[in-house]
Amino acid sequence: MDVNEAVLSHGYVRVKKCRDGYFVYNANDSYIGRSLDLYGEYSYAEALLLQQFLRPGMIFAEVGANIGAHTVGLARRVGQQGRVLAYEPQRIVFQNLCANIAINGLMNVECHWMALGERSGMLNVAEFDFTQPGNFGVFSADR
């Protein structure tokens, strides 16, 4: 199958075979979604840089994992004896993250629907209108 071939499209939600595996993403996302849509990867040089620091068996915490565009490759790098702890505070984005971990059969990733910061407490995370174009990886944290 060609890397640029969309395998499923339902409105703005797409599933595509990309460089690191299959990804569920929002075609309206102006950065990660658009990059996966056009190129079948997202910030691949950045992902390779991160992977240089990882070895099989290591534990890696990815804070702000988004939909898992890097998580999938990082999980493969640390292998089955390693672990990736993926944190994402946005509900819909988190659901896409979980879908991407599941669709790629990654048993060494733990997804957590939460933000991490300097102190504990509650955080209001505004919902985007995912049916409209936007940058869904950036939001204002309001306590």
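- Counting heavy atoms of neighbouring residues, nucleotides and ligands inside a 6.0 Å radius, atom CZ of Arg34 does not exceed 12 of them.
- Other residues sharing the hydrophobic cluster of Tyr31, ordered by chain and number and joined by side-chain separations under 4.5 Å: none, the residue standing alone.
- Under the ring pair (Phe, Tyr, Trp, His ring centres under 6.0 Å) criterion, no residue pair touches residues 43-66, with sequence neighbours excluded.
- Residues Cys18 and Glu41 fail the side-chain proximity criterion, which asks for heavy atoms closer than 4.5 Å.
- Residue pairs meeting the salt bridge (Lys or Arg N to Asp or Glu O under 4.0 Å) criterion with at least one partner in residues 49-59, sequence neighbours excluded, do not occur; the list is empty.
- A continuous path of ILVMFWY side-chain contacts below 4.5 Å connects Leu123 to Ile92, so both sit in one hydrophobic cluster.
- The shortest heavy-atom contact between Asn96 and Tyr25 is OD1-N, 4.4 Å.
- Under the 4.5 Å side-chain contact rule for hydrophobic residues, Leu74 and Leu85 do not share a cluster.
- Among residues two or more places apart in sequence or in another chain, the ring-ring contact (aromatic ring centres under 6.0 Å, His included) test is passed with Tyr87 by His112.
- Under the 4.5 Å side-chain heavy-atom criterion for grouping Ile, Leu, Val, Met, Phe, Trp and Tyr, Phe23 is not connected to Leu48 through any hydrophobic cluster.
- The side chain to side chain donor-acceptor pair (under 3.5 Å) search around Arg77 returns none, not counting sequence neighbours.
- For Val13, the side chain to side chain contact (heavy atoms under 4.5 Å, CB included) criterion is met by Val24, not counting sequence neighbours.
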Mind running ring-ring contact (aromatic ring centres under 6.0 Å, His included) on Phe130 and Tyr12 for me, showing each step along the way? CA-CA 8 Å; Phe130 293 103; Tyr12 57 87; 7.4 Å; no
When the side chains of residues 63-71 are checked against the rest of the protein, which donor-acceptor pairs come out under 3.5 Å, sequence neighbours left out?
from, atom 1, to, atom 2, distance (Å)
His70, NE2, Glu46, OE2, 2.9
Thr71, OG1, Glu62, OE1, 2.4

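- Residue Ile59 is not grouped with residue Ile101 when hydrophobic side chains (ILVMFWY) are merged at heavy-atom distances under 4.5 angstrom, including chains of intermediate members.
- For the pair Trp113 and Pro89, the tightest heavy-atom approach, listed with the atom from each and the gap, is NE1-O, 3.0 Å.
- For the side-chain contact (heavy atoms from CB on, under 4.5 Å) criterion with Leu106, the lone passing option out of Val72, Asn100, Val84 is Val72.
- Pairs engaging residues 95-105 under the salt bridge (Lys or Arg N to Asp or Glu O under 4.0 Å) rule: none recorded [sequence neighbours left out].
- Checking side-chain atoms of Asn135 against main-chain N and O of Ser30 turns up no donor-acceptor pair under 3.5 Å.
- Listed by first then second residue, pairs satisfying salt bridge (Lys or Arg N to Asp or Glu O under 4.0 Å) with a partner in residues 87-106 read Arg91-Glu127, not counting sequence neighbours.
- Listed by first and then second residue, the salt bridge (Lys or Arg N to Asp or Glu O under 4.0 Å) pairs that reach into residues 64-73 come to none, sequence neighbours excluded.
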